[in-house]
S.K.: 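Pasting in a structure now, in structure tokens, and then I'll have a few things to ask.
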Amino acid sequence: MMAVATLLAGLVTDDTTAQLVVVAVALAGFAAVVADTRTSVYTTVIGFVLFESLLADRHGFPMLDGTATGWHVSVLLAALGLGLGQRWLRHVRDDAALDREIEDLMRRPGPPADPSA
């Protein structure tokens with residue numbers, strides 16, 4: 001997933017900031033859809049390494065240089081947080097809807113009692 005996002009970002013533009021946005025949007029979408037938080041965190045790490053090595057520095061390995069790298073990490077972590085937050089909100093909404101359905105079922109009258117029993 002991150003490899004495809006990195007390739008797409010490299011093909012779309014040469015601007016590093018725009019490439020970072022493409023990778024961050026893909027990461028946020030992935031984190032919002034995947035149910036396992038650990039998988040989302042691992043994907044963030046993979047996305048960071050691919051972005052730093054192939055797009056930001058273009059050397060084939062991450063060249064951690066301080067301020068720019070900190071900015072890249074911050075953007076990717078924010079994207080991870082937004083994706084996880086969106087997934088959590090959707091989960092809360094679905095739980096609330098399920099609770100309302102259960103309450104509605106509990107309020108419905110049951111079948112009439114059989115007088116012969």
S.K.: For L55 and A9, work out which heavy atoms get closest and say how close.
M.R.: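 Here L55 and A9 meet closest at CD1-CB, 3.9 Å.
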S.K.: Let me check something: do V73 and V49 share a hydrophobic cluster, defined by ILVMFWY side-chain heavy atoms less than 4.5 Å apart, either directly or through other members?
M.R.: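 Same hydrophobic cluster.
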S.K.: What's the shortest heavy-atom distance between D14 and G10, and which atoms?
M.R.: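 Nearest pair, atom of D14 first, then G10: OD1-O, 4.4 Å.
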S.K.: I need the L76 CG to T43 OG1 distance, nearest 0.5 Å.
M.R.: 11.5 Å
S.K.: Compare every heavy atom of T16 with every heavy atom of A56, then report the nearest pair and how far apart it is.
M.R.: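 Where A56 meets T16 most closely, the heavy atoms are CA-CG2, 4.2 Å.
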S.K.: In the single-linkage hydrophobic clustering (I, L, V, M, F, W, Y; side-chain heavy atoms under 4.5 Å), do L8 and V23 co-cluster?
M.R.: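 Each belongs to a different hydrophobic cluster.
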S.K.: Are R87 and T37 side-chain neighbours, meaning at least one heavy-atom pair lies under 4.5 Å?
M.R.: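 Yes. Closest side-chain heavy atoms under 4.5 Å.
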S.K.: CG of L54 to OG1 of T6: how many Å apart, nearest 0.5 Å?
M.R.: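 It comes to 6.5 Å.
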S.K.: Are L77 and F30 in one and the same hydrophobic cluster, where Ile, Leu, Val, Met, Phe, Trp and Tyr link if side-chain heavy atoms are under 4.5 Å apart?
M.R.: yes
S.K.: In terms of hydrophobic clustering (I, L, V, M, F, W, Y; side-chain heavy atoms under 4.5 Å; direct or indirect links), are M1 and F51 co-clustered?
M.R.: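 Yes; tracing contacts between hydrophobic side chains, which count when under 4.5 Å, links both residues.
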S.K.: With rounding to the nearest 0.5 Å, note down the distance linking CG in L20 to CZ in F48.
M.R.: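 If we round to the nearest 0.5 Å, L20:CG and F48:CZ are 10.5 Å apart.
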S.K.: Quick one: closest heavy-atom pair of M2 and L27, and the distance?
M.R.: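 Looking at all heavy atoms of both residues, the closest pair is CE-N, 3.9 Å.
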S.K.: Looking only at heavy atoms, what is the nearest atom pair of A24 and A79, with distance?
M.R.: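 Between these two residues, the closest heavy atoms are O-CB, 3.3 Å.
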S.K.: In terms of hydrophobic clustering (I, L, V, M, F, W, Y; side-chain heavy atoms under 4.5 Å; direct or indirect links), are V92 and L89 co-clustered?
M.R.: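 They do share one cluster, since a chain of ILVMFWY contacts under 4.5 Å joins V92 to L89.
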S.K.: Judged by atom type as modelled, is there a donor-acceptor pair below 3.5 Å linking the side chain of Q19 to the main-chain atoms of T13?
M.R.: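 Flag set: sc Q19 to bb T13 pair under 3.5 Å.
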S.K.: Could you list the cluster mates of V21? Members are the ILVMFWY residues connected by side-chain heavy atoms closer than 4.5 Å, either directly or through other members.
M.R.: V25
S.K.: Provide the closest heavy-atom pair for S40 versus A31 in the form atom of the first, atom of the second, distance.
M.R.: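 That closest heavy-atom pairing would be OG-CA, 3.5 Å.
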S.K.: Which residues satisfy the side chain to side chain contact (heavy atoms under 4.5 Å, CB included) test with A68, sequence neighbours excluded?
M.R.: D65, H72
